Undergrad: 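Below is the structure I would like to discuss, written out as structure tokens.
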Amino acid sequence: MIDPAVPITHLDPDGMRRLMSLVVQRSGADDIQLTVLHDAGRVVGVVHSVEGHVDGHREPVSDPQATAAALLKETGVDRVVVLDRPRLEDLAAAVVDAARWNPSQGDLLLAAHDLYWSHPAVATAPAPPLPTWAPFRDLLRALPDGWLHIQVGGAGEDEPVLVACLRLANGSISEITGRDPGIEPRLRLDLTWDHVARIANAPDPTAALVDVLDEIAHAERPDSPTPSLTPDP
Amino acid sequence: MTVTITARGLDVDGVHVPLISGEVHYWRLDPERWSEVLDAVAGLGFGCISTYVPWARHEVAPGAIDTSGVLDIVRFLRLAQDRGLHAVVRIGPDTACEQEDSGWPRRILDDPSCQALRPNGLPYVLLSSTGHCFPPSYASTVFLSEVESWYSAIGAVLAPLQAPEGPIVAVQVDNEMGYHFQGNAYALDYHPDAVAQFKSFVGDPSARPPVDADDGTEAERLGWVEFREHHLRDSLATLAGLARGAGFDRVPLVHNDYPRTATPIDTGALERSGAVDLAGADVYAPRQGAGFVRDLCRRLTGSTRLPYLAELGAGWLTLPWLLPMAVSAEDEEAIAVRVLTSGVRATNVYMLVERDRWWGSPISADGDLRPSAALYPRLFELLRRSGLDGMERQVDVLVVDNRTEGRRVAGRDTLGGIVPSFSQLLPIDHRLAQVPHPDTDELARWDRGLAAAVGAAGADFDRATTDALPDLTRYNTVFVPMLDACEPEVWARLRGAAAAGVTVAVGPRVPTLDGRARPLPGSFDADNILVLDDPSEAEAVVPPPPFTSDDPTVVLTVWRSAPLPATGSSASAGGRTVLVAAHDGEGTVSVRIAGTSAGARFVGLWHIEDLRADADGCVVAELGPWGAQVWEVEA
């Protein structure tokens with residue numbers, strides 16, 4: 001998704017600060033989670049994502065999925081995860097394997113997400129969350145090779161606050177720069193900060209990014225029967 | 001050596017040189033712009049630059065390196081020297097700095113004989129900026145042999161550039177090494193060469209390293225935790241020896257610790273071990289992190305010979321999916337002023353010059369000054385006008401971490417086989433990796449509580465660890481959290497200080513166990529030692545500070561040019577006095593500061609105009625959000 005050797009240069013400090021602020025805001029708004037660690041049914045630890053270690057919920061775990069569902073109902077948290085300590089060793093080996101075979105960090109994180117939430121060492125309620133990187137990967141794969149020019153501003157901004165030119169090749173970002181690369185972009189996207197905030201504050205930011213981009217593309221080509229990002233002619 | 005470390009900076013052939021540098025990465029800049037960039041650095045008042053020298057970027061084949069074009073570090077350093085700039089070179093092997101491979105060559109990372117191992121024999125997956133890798137084991141003899149080749153190659157290029165002939169005044173060995181040793185006691189490193197070192201460390205050829213909180217006896221687990229600390233220091237000592245062998249023999253060798261204060265990291269103990277000549281630490285924080293930064297600075301002032309903040313953040317990395325942080329010029333000013341008035345005497349602004357995967361530096365990659373650059377000439381002017389370089393911070397209190405108890409906490413870790421380098425890789429709550437125990441909570445309560453109580457008394461203080469105790473008689477009062485375990489040598493030091501008149505207070509218990517948690521009856525006589533029942537009792541034990549503020553969010557630091565007066569005496573009793581007031585909070589506060597004589601003049605050295613003390617020897621000052629003021633107090 002993103003070339004590990006990607007250069008990222010000349011990004012405007014004010015725009016980056018605003019972007020980072022949104023991401024920081026978003027990262028503080030995670031769902032509240034209760035995690036139970038057990039070893040052959042004996043509970044070793046229980047951590048509440050806000051309160052830290054908690055003393056309760058020590059009943060032996062015989063059916064991890066049932067325990068997760070029951071604790072979800074009992075505690076009212078957003079998510080319960082029940083982890084089987086010995087079986088996590090298998091998961092560790094699978095993640096190492098994924099790291100060997102996925103050259104890009106985004107692909108590794110996507111693979112690790114799938115491995116974790118589908119692994120028998122992990123039981124959860126409600127259903128596992130969507131993989132954050134998947135829509136991003138799909139979006140990149142749908143885009144043409146060449147430069148994508150993203151400009152964030154408008155909606156009361158006199159000047160664009162953040163300009164990022166992304167070079168795409170085979171569904172992967174190989175360069176990001178705040179400077180005009182001097183090559184006509186294949187795509188241009190004008191985002192407002194409202195768009196960016198919507199993306200940053202969404203439960204699944206990359207899915208929201210795809211939604212926003214499709215929305216923009218549709219607005220620019222209202223006659224298009226299937227709104228999607230397509231290259232300029 | 002031509003260059004030596006002093007308590008104020010560097011001595012270069014008899015000349016005092018402040019170790020205040022700015023980070024510039026030559027290989028990430030257009031060589032055609034090097035001159036302009038270095039002009040901008042010197043123009044801001046810096047006398048020194050710092051740069052990584054990344055192994056992976058220079059290496060073209062094992063043992064062969066490229067130093068041409070954008071990698072022509074000799075030309076770069078000569079250009080710096082032409083501008084009167086000294087240089088710190090950071091030769092790795094780890095050179096991090098958001099490189100996808102942390103500067104380790106990919107062939108090394110992919111070589112199983114070099115990889116650090118978890119207890120289950122799996123390599124450790126490290127997310128490294130835009131990539132990921134299996135980081136090396138610093139015990140691996142294959143890895144160390146490769147490092148020797150790299151040092152030899154780069155030493156042949158750089159050693160001739162050591163001062164006084166060249167600009168290099170210090171060489172950094174590795175980078176934040178403790179970060180790669182993982183905080184979890186059972187995560188790393190179980191490489192066969194590390195295990196062999198462990199056996200030698202515990203003096204038992206048949207010893208097997210424990211792999212979890214319930215594996216082996218507590219004494220065995222403590223032996224492993226202690227070994228990890230030893231291994232970190234020993235690895236740096238090995239690298240330092242290789243660097244000396246490669247020709248870096250005329251300048252100090254330095255290291256920058258990851259900003260973590262629990263095992264296996266102990267900056268003071270690292271320096272005390274002699275592995276490197278100077279141990280510092282890195283810190284990045286927005287203004288809301290001022291408390292953490294102050295705490296780190298106190299640890300440096302309490303336990304190292306030249307308090308060195310080896311990376312002081314300016315801007316931040318462009319990786320919002322991995323480590324988002326929003327910092328502004330106001331953040332950088334708030335943190336930098338606190339650092340330079342807290343007793344830290346050496347630092348490196350990172351990144352002073354922007355580069356790939358970094359935004360918001362004071363100097364652009366083209367050498368243009370950004371508005372945030374205006375801070376640095378003002379800081380240099382503050383240091384010049386205040387004369388802090390020639391003064392001593394008045395600090396009467398030392399708060400000590402009990403490292404033996406800290407190791408017992410670490411020994412209760414679990415999940416070493418899987419705990420991830422980043423939660424983005426696996427969303428396992430890192431707290432699950434600590435098996436709950438009442439003593440863990442009790443130690444944390446005392447660690448936090450003692451510092452809070454001393455702060456509540458308005459007293460400035462230093463921090464240290466039981467593994468790197470400074471001269472305790474420098475202080476009036478020493479606090480140490482004490483549960484059940486303590487090294488007998490440490491207890492003897494505390495008792496010696498108490499016998500010498502220092503108030504030594506511990507709590508909540510008097511120890512009965514040694515460093516490996518073995519009963520040691522009769523070794524912990526508490527004569528002359530004050531035993532507290534609750535950390536809040538420390539507030540009443542603290543000697544009255546020379547200046548006090550009526551707002552607990554305003555932290556005062558006092559500097560004096562004359563020998564320290566007796567505790568509790570007026571700060572205006574002879575010599576120059578500089579007072580720093582830092583407001584750790586939002587909003588504006590009007591603070592009343594007491595501690596001098598009627599009519600005393602407060603000469604503003606930073607933002608504020610002069611003030612005059614009232615009949616009670618008090619002044620009232622306005623401090624903005626996270627604002628700081630510095631005055632010279634003229635009685």
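Keep in mind that what you see is a predicted model, and the values were worked out from it rather than measured. We name chains A, B, ... by the order of the sequence lines, and we start the count at 1 in each one.
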Undergrad: Is B:R28 close to chain A through its backbone or its side chain, or both, or neither, when contacts mean heavy atoms under 4.5 Å?
TA: neither
Undergrad: What are the two closest non-hydrogen atoms of A:L109 and B:L425, and how far apart are they?
TA: CD2-CA, 3.7 Å
Undergrad: Hey, which of A:D3, A:V81, A:L88 has the most heavy atom pairs under 4.5 Å with chain B?
TA: A:L88
Undergrad: I need the minimum non-hydrogen distance between A:P4 and B:E100, along with the two atoms involved.
TA: O-CB, 3.2 Å
Undergrad: Minimum heavy-atom separation for A:R17 and B:A326, please, with both atom names.
TA: O-CB, 3.8 Å
Undergrad: Measure distances from A:H48 to the heavy atoms of chain B and classify the residue's part below 4.5 Å as side chain, backbone, both or neither.
TA: backbone
Undergrad: Kindly say whether A:A99 contributes a backbone atom to a donor-acceptor pair with the side chain of B:H132 at under 3.5 angstrom?
TA: yes
Undergrad: I need the A:I8 CD1 to B:L319 CG distance, nearest 0.5 Å.
TA: 5.5 Å
Undergrad: Which one, B:W359, B:F422, B:W321, leads in non-hydrogen pairs under 4.5 Å with chain A?
TA: B:W359
Undergrad: I'd like to know if the side chain of A:H53 reaches the main chain of B:Q434, judged simply by a donor and an acceptor atom lying under 3.5 Å from each other, with no hydrogens or angles considered.
TA: yes
Undergrad: Please name the pair of heavy atoms, one in A:Q105 and one in B:L322, separated by the smallest distance, quoted to 0.1 Å.
TA: OE1-CD1, 4.1 Å
Undergrad: Check whether any side-chain heavy atom of B:L127 lies under 4.5 Å from a side-chain heavy atom of A:L108, and answer yes or no.
TA: yes
Undergrad: Can you say whether B:D366 sits under 4.5 Å from chain A via the side chain, the backbone, both, or neither, judging by heavy atoms?
TA: side chain
Undergrad: To the nearest 0.5 Å, what is the distance between CZ (B:R355) and OG1 (A:T9)?
TA: 12.0 Å
Undergrad: Might you point out which heavy atoms bring A:L37 and B:T414 nearest each other, and give the distance in Å?
TA: CD2-CG2, 4.3 Å
Undergrad: Which region of B:L126, side chain (C-beta onward) or backbone (N, CA, C, O), has a non-hydrogen atom less than 4.5 Å from a non-hydrogen atom of chain A, or is it both or neither?
TA: neither
Undergrad: Would you call A:L83 and B:L415 a side-chain contact if the rule is heavy atoms closer than 4.5 Å?
TA: no
Undergrad: Where does A:S104 contact chain B at under 4.5 Å (heavy atoms): side chain, backbone, both or neither?
TA: backbone
Undergrad: Between B:F134 and chain A, with a heavy-atom cut-off of 4.5 Å, which part of the residue counts as in contact: side chain, backbone, both or neither?
TA: side chain
Undergrad: Nearest 0.5 Å, what's the CG-CG distance between A:D39 and B:D214?
TA: 7.5 Å
Undergrad: Could you have a look at B:D429, B:V435, B:D441, B:T318 and say which one has the most heavy-atom pairs with chain A under 4.5 angstrom?
TA: B:T318
Undergrad: Taking all non-hydrogen atoms of both residues, which atom of B:P436 and which atom of A:R58 are closest, and how far apart?
TA: CG-NH2, 4.5 Å
Undergrad: State, yes or no, whether a side-chain contact exists between A:V95 and B:I418 at a heavy-atom distance under 4.5 Å.
TA: no
Undergrad: Among the options A:G45, A:S49, A:S21, pick out the one with the most heavy-atom pairs lying under 4.5 Å from chain B.
TA: A:S49
Undergrad: Given heavy-atom pairs under 4.5 angstrom as the criterion, report whether the side chain, backbone, both or neither of B:P286 touches chain A.
TA: neither
Undergrad: Heavy-atom distances under 4.5 Å only: say whether B:D212 touches chain A with side chain, backbone, both or neither.
TA: side chain
Undergrad: Quick one: what part of B:S129 sits under 4.5 Å from any heavy atom of chain A, side chain, backbone, both or neither?
TA: backbone
Undergrad: Side chain, backbone, both or neither: which part of B:S128 has an atom under 4.5 Å from a heavy atom of chain A?
TA: backbone
Undergrad: Which of the residues B:G417, B:A365, B:P320 is involved in the greatest number of heavy-atom pairs with chain A at under 4.5 angstrom?
TA: B:P320
Undergrad: Quick check for you: to the nearest 0.5 Å, what is the distance between A:M16 atom CE and B:L317 atom CG?
TA: 9.0 Å
